[in-house]
Amino acid sequence: MSFAKKILTWYAANKRSLPWRGERDPYRIWLSEIILQQTRVAQGTPYYLKFLSAFPTVYDLANAPEERVLKLWQGLGYYSRARNLHSAAKTVVGDMEGVFPSDYKGLRKLKGVGDYTASAIASICFNLPEPVVDGNVYRVLARYFGVELPITSSEGIKYFKSLAREVMDGDNIREYNQGIMEFGAIQCVPKSPNCTRCPLKASCTALQQGRILELPVKAKKAKVRHRHFNYLYLEDVSGKTLLQQRTKKGIWQNLWEFPLIESDKNITEEALVSQLDGFLDAGKVQEITRYNDSPVVHKLSHQHLHTVFWMVKTDEILENGIPWSDVHKYPVPVLIADFFAKIRTFEA
DNA sequence: AACACGGGGCG
DNA sequence: CGCCCAGTGTT
């Protein structure tokens, strides 16, 4: 049996009874879909009922003051949904004689109606073969077909949409779309799904590979942190330089590097000089040269280090100074090692 | 492509 | 109590 037929069979036997279940009126389906964006059924249901009671038709909603719409929405979160809901109602009443668009493209033009919601309304109300891809669908498809593409990448979004279209039952789209979402919500849940009793277990790729809990992949919002490093490439009268060990937790713990001045953003030479105090006797500085014009960007998985190397010649004798012939004995980050290599080339 | 936008449920 | 959830609009 095809994947779609299995979903349809499961849905026929397991669907919950919900206030909007079986509904085909675009106003009601639209209202339910907007409320259910990023919201669990249990939380959204009372809001659906009170909105329907306060605004039985799209005209009632369009003619209400925004204050009242927001007040009814209070507690549901993501309040732009309420403002967009109101705006779309005004559009439907003002520009469309109170009749909702009856295809994906038209629906998509309404404020607050994106790809998912347009597909949901088109399929549920008008039985148009548009696949829905919400969080439930991502999870079900990723597991059943063993898709490892991150659902958060633009490539993943495209891939899942086309996969969803490939495997859908276009002849029963109204039931199928609701079925796959319901299946994700009830059976193929994010944490500890009951695979033992799943009717799709025999053909589920992730289950057979023991990777249920790894799918779907969400490229971790490895938020890249940007840092600005200023390394002091010191040189004293005897030609020695200075390296320091990084003792704190974080990147490169216990590795060695040049004396470091970290700044919020790119730093000027004047600003740098004013911070030289703790490192050496500023009065004995002979010459400062910015070694690289544009910062070297060293990329770690979660940090981008915008690095400037400053060559600082001093008349001091550096305590603990290291002769250049010895620097290669110290464990240093690649960023520093690359600089060593460059210096060697430059000075050779 | 990255970010902002809320609340509730869960371990 | 920190982590997870995952549509749309904006920049």
Side-chain angles (χ1 to χ4, degrees), chain A residues 16 20 29-48 50-51 66 69-92 101 104-124 130-143 147-161 163-164 177-178 180-194 212-226 297 299 301-304:
Chain A
R16 291 169 292 184
W20 51 87
I29 291 298
W30 165 70
L31 179 61
S32 73
E33 290 298 345
I34 301 296
I35 287 174
L36 292 173
Q37 287 169 8
Q38 314 288 293
T39 303
R40 290 165 203 279
V41 164
Q43 190 194 2
T45 299
Y47 285 82
Y48 173 79
K50 67 182 184 183
F51 263 79
E66 188 183 87
V69 178
L70 285 170
K71 182 64 185 170
L72 275 175
W73 198 271
Q74 186 180 301
L76 200 51
Y78 283 113
Y79 295 91
S80 66
R81 288 185 294 167
R83 294 191 301 270
N84 290 337
L85 184 86
H86 194 215
S87 162
K90 284 175 177 289
T91 300
V92 170
Y104 175 89
K105 261 188 86 175
L107 290 161
R108 193 64 184 70
K109 292 194 170 81
L110 297 173
K111 270 255 177 27
V113 176
D115 178 55
Y116 161 76
T117 307
S119 302
I121 300 172
S123 60
I124 296 173
E130 297 291 343
V132 288
V133 185
D134 73 344
N136 294 307
V137 176
Y138 277 124
R139 190 168 56 253
V140 172
L141 294 180
R143 286 174 175 171
V147 183
E148 304 194 35
L149 236 43
I151 65 174
T152 41
S153 66
S154 46
E155 189 191 359
I157 292 169
K158 268 187 210 153
Y159 183 85
F160 277 94
K161 179 83 177 183
L163 175 61
N177 271 350
Q178 296 180 80
I180 188 171
M181 291 191 286
E182 190 81 338
F183 181 77
I186 290 178
Q187 177 71 41
C188 194
V189 293
K191 307 257 166 124
S192 47
N194 190 351
I212 282 291
L213 293 180
E214 298 161 29
L215 297 175
V217 173
K218 298 166 197 175
K220 296 225 189 316
K221 282 287 178 193
K223 276 193 190 168
V224 176
R225 176 179 167 208
H226 291 264
V297 183
K299 294 183 176 179
S301 62
H302 55 299
Q303 296 187 28
H304 287 186

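Chain identifiers are assigned alphabetically (A, B, ...) following the order of the sequence lines, protein sequences preceding nucleic acid strands; residue numbering begins at 1 within each chain. Everything numeric here is computed off the predicted structure, so don't read it as measured data.
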Do A:Arg83 and A:Glu66 meet the salt-bridge criterion of a basic N to acidic O distance under 4.0 Å? no
Euclidean distance for [atom1], [N] against [M] (whole angstrom):
N     : M      : atom1 : value
B:dG6 : C:dT11 : P     : 15 Å
C:dA6 : B:dG11 : P     : 15 Å
C:dG7 : B:dC10 : C1'   : 22 Å

Just how far, in rounded Å, is [atom2] of [N] from [atom1] of [X]?
X        : N     : atom1 : atom2 : answer
A:Tyr78  : C:dT8 : OH    : P     : 12 Å
A:Gln38  : B:dA4 : CD    : P     : 15 Å
A:Ile34  : C:dT8 : CD1   : P     : 7 Å
A:Arg81  : C:dG7 : CZ    : P     : 10 Å
A:Ile157 : C:dG7 : CD1   : P     : 11 Å
A:Leu85  : B:dC5 : CG    : P     : 20 Å

For A:Ser153, answer base if it contacts any base atom (sugar-phosphate contacts may also be present), sugar-phosphate if it contacts only those atoms, and nothing otherwise; contact means non-hydrogen atoms under 4.0 Å.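 Nothing, no nucleic acid heavy atom in range.
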Name every residue in residues 184-192 of chain A that has at least one heavy atom under 4.0 Å from any atom of DNA chain B, in order of residue number, or write none if there are no such residues. none
Selected nucleotide, minimal atom distance to A:Thr117 side chain, candidates B:dG6, C:dC5, C:dG7: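 In terms of side-chain proximity for A:Thr117, the closest of B:dG6, C:dC5, C:dG7 is C:dG7.
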Both conditions, 6.0 Å and 45 degrees, for the charged tip of A:Lys158 above the ring of A:Phe160: are they met here?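 No, A:Lys158 does not sit over the ring of A:Phe160.
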